Protein chains: 2
Amino acid sequence: MNLAMHKQASLNPLLWKLDAIADLSDQDKQAILDLPMSVKVFEADSDIVRDGDRPSECCLVLSGFTCRYKILSDGKRQIMGFYIPGDIPDLQSLHLKVMDHSIGALATSSIALIPHESLHAVLERHPGLDAVMWRDTLIDAAMFRAWMIGIGRRSAYQRIAHLLCELQMRLKAVGLAGENGYDLPVTQNELGDALGLSTVHVNRVLQDLRGEGLIVLRGGTLHIPDWEALQVAGDFDPAYLHLKR
Amino acid sequence: MNLAMHKQASLNPLLWKLDAIADLSDQDKQAILDLPMSVKVFEADSDIVRDGDRPSECCLVLSGFTCRYKILSDGKRQIMGFYIPGDIPDLQSLHLKVMDHSIGALATSSIALIPHESLHAVLERHPGLDAVMWRDTLIDAAMFRAWMIGIGRRSAYQRIAHLLCELQMRLKAVGLAGENGYDLPVTQNELGDALGLSTVHVNRVLQDLRGEGLIVLRGGTLHIPDWEALQVAGDFDPAYLHLKR
DNA sequence: CGAAGAATTGAAAGCCATCAACCGCCGTGG
DNA sequence: CCACGGCGGTTGATGGCTTTCAATTCTTCG
């Protein structure tokens, strides 16, 4: 990647993200940079795409923090994933016309909207990109599976540790985490909805993790004093993220 | 679909399945029928693909009953999905080189093995098929999400009802379920591993479901006396399966 | 008929949810 | 400048769904 492209990459977290999961040719990268998109800012707690929608564009997270969630008939919410800059949480809408869940902003987020037709056209002309995008949705599915395993078979303590590990890896891949910590603009209530736990229990387990010296979490900033130990506590194996390094 | 093709379709459950989730051209169908494949029979409780493998072929279920699962470091097993004739549980291996979980046979199953290179070649020449296959993996991901919601936010009673509903819909789509029931060659232990429940609790909840008159389950055969009621009990909405009808 | 696996039952314990209250921070407005 | 209001975080008590352990019955099949 030459200097000019590097500069553009910093403007486009999508390239950072794709670079972390696959090898892209320069033509493919340029094609991405040439994609038409309109940028829109979403306030915290607002919906970007709603359950039942038939989107005609995909949303690329440029900054902020978003999540995939669904509201059940009894009002409970299950968050199924957190999406950070570089992610396209509704890439699937390219091939699944009706949304079966919602995408929402947890913090103020700027979102690039890319028309389906533009994406389809680019993917058709760049088979390599098509493969990478497919791969991205497959990694998304792998994260669902990891999440499922956590909810199904791990204790609350392990689950939270695992989630914090996953975010560390993913945020670092797009340059948004340091070696041992990151900003986590997520409430304990939202963590609970993500992990299938009550807010109260999340609070208590976080205190346990703090007590063990595994995390320092204050004011939306997470510090991980001992990365190895946290991985062990969360039974975390990053293989499922399918990152290149 | 003309008569000749219909006949071949009965030989290839994959066509039935794809027909249920997308519109295929006759050329696309023929391309699928022309795929080279070798058939292999797997005994119950044997692995078809293993965690850590780097498959060079995809496995298409022709008959039997298989599942996707992962063993945790403490020995617990989480089953992440059941796969039935017409499904290609490791289609993802086309773009994710290393398996992050295993595929196993729950009942004796005949599996068609299709070389990656053949699939890649066909998908390249048939963009429509490429889209359908991508769509298939996206529906797989949607099932993970539905599963996750169940484990995270639904009671054991709802979860089991929901799973039985899902299988009814999917089996019917490939002609393996009647209007109100199907063969379910799955032990209560396996149901538990799928739903994040203990065997004992699965047993008790099944008795509850029987007591409510929602299911009749004996000797691996499930009968659903009141389909509507079971859907309500499981809070089941088939939208996530993205079936055409 | 015997053995192995699957289903079932009972009792006890534990993790986590629920309910309810209180604290602390921070932005707003008088 | 300080009171107010709201949200997020924290704490305590209680209860229930589910697990675990253990033992028994039922099924299937060689």
Side-chain angles (χ1 to χ4, degrees), chain A residues 43-46 65 67 72 74-79 105-108 150-163 183-211 215-222 233, chain B residues 43-46 65 67 72 74-79 104-108 149-163 183-211 215-222 233:
Chain A
E43 298 300 316
D45 297 319
S46 66
F65 213 91
C67 75
L72 302 202
D74 62 359
K76 288 176 184 161
R77 174 176 66 170
Q78 175 71 48
I79 290 177
L106 295 176
T108 305
I151 298 176
R153 286 289 175 227
R154 279 196 262 261
S155 69
Y157 188 85
Q158 290 176 300
R159 252 179 274 183
I160 293 184
H162 194 277
L163 173 58
D183 287 334
L184 183 64
V186 173
T187 67
Q188 294 182 359
N189 180 42
E190 287 157 351
L191 281 179
D193 282 347
L195 298 167
L197 298 170
S198 68
T199 309
V200 172
H201 202 56
V202 168
N203 182 281
R204 289 182 169 126
V205 174
L206 282 176
Q207 290 178 53
D208 291 344
L209 284 165
R210 277 191 276 249
I215 63 170
V216 181
L217 178 58
R218 278 196 55 246
T221 299
L222 174 71
Chain B
E43 297 300 315
D45 296 319
S46 66
F65 214 89
C67 75
L72 303 199
D74 62 359
K76 288 176 185 163
R77 173 176 66 169
Q78 174 71 48
I79 291 178
L106 294 177
T108 304
I149 291 170
I151 298 176
R153 287 286 176 231
R154 280 197 261 261
S155 69
Y157 187 85
Q158 291 176 300
R159 252 180 274 181
I160 294 184
H162 193 279
L163 173 59
D183 287 333
L184 183 65
V186 173
T187 68
Q188 295 181 0
N189 180 42
E190 288 157 351
L191 281 179
D193 281 347
L195 298 166
L197 297 169
S198 67
T199 308
V200 172
H201 202 55
V202 168
N203 181 282
R204 289 181 169 127
V205 174
L206 282 176
Q207 290 180 52
D208 290 344
L209 284 165
R210 278 191 274 248
I215 62 170
V216 180
L217 178 57
R218 277 197 57 248
T221 299
L222 174 70

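Heavy atoms only: backbone and side chains are in, while hydrogens, waters and symmetry mates are out. The shown structure was predicted, so the numbers you read here are calculated from the model rather than taken from an experiment.
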d([atom1], [X]; [atom2], [N]) in whole Å:
{"X": "A:Arg159", "N": "C:dC15", "atom1": "CZ", "atom2": "P", "value": "13 Å"}
{"X": "A:Leu195", "N": "C:dC15", "atom1": "CG", "atom2": "C1'", "value": "15 Å"}
{"X": "A:His201", "N": "D:dT10", "atom1": "NE2", "atom2": "C1'", "value": "15 Å"}
{"X": "A:Ile151", "N": "C:dC15", "atom1": "CD1", "atom2": "P", "value": "19 Å"}
{"X": "B:Asn189", "N": "D:dC26", "atom1": "CG", "atom2": "C1'", "value": "17 Å"}

(request) Output yes when a side-chain donor or acceptor of B:Arg154 lies under 3.5 Å from a complementary backbone atom of B:Ile149, and no otherwise. (result)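 It does not hold such a pair.
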Please enumerate all protein N or O atoms sitting under 3.5 Å from an N or O of nucleotides 10-13 of chain C, with distances to 0.1 Å.
residue, atom, partner, partner atom, Å
C:dG10, N7, B:Arg204, NH2, 2.4

Distance check: side-chain N/O of [X] vs OP1/OP2 of [N], anything under 4.0 Å?
{"X": "A:Gln188", "N": "D:dC7", "result": "no"}
{"X": "B:Arg210", "N": "C:dT8", "result": "yes"}
{"X": "B:Asn203", "N": "C:dA7", "result": "no"}

Base, sugar-phosphate, or nothing for [X], non-hydrogen atoms under 4.0 angstrom?
{"X": "B:Leu206", "answer": "nothing"}
{"X": "A:Gly196", "answer": "sugar-phosphate"}
{"X": "A:Thr199", "answer": "nothing"}
{"X": "A:Thr187", "answer": "sugar-phosphate"}

(message) The criterion is side chain to side chain donor-acceptor pair (under 3.5 Å); which residues satisfy it with B:Asp208, sequence neighbours excluded?
(response)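 Testing B:Asp208 for side chain to side chain donor-acceptor pair (under 3.5 Å), a comparison that skips the adjacent residues, returns none.
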(request) Give me the one residue out of A:Gln78, A:Arg77, A:Gln188 that meets side-chain hydrogen bond (donor to acceptor under 3.5 Å, both in side chains) with A:Asp193. (result)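 Going through A:Gln78, A:Arg77, A:Gln188 one by one, the side-chain hydrogen bond (donor to acceptor under 3.5 Å, both in side chains) with A:Asp193 is satisfied by A:Arg77 alone.
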(request) Kindly calculate the angle separating the two end axes of the helix from C:dC1-D:dG30 to C:dG30-D:dC1, each obtained from five base pairs, and round it to 10 degrees. (result)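 End-to-end axis angle: 30°.
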(message) Counting only side-chain heavy atoms from C-beta out, which of D:dT20, C:dT8, D:dT10 sits nearest to A:Gln207?
(response)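 Closest nucleotide among those given: D:dT10.
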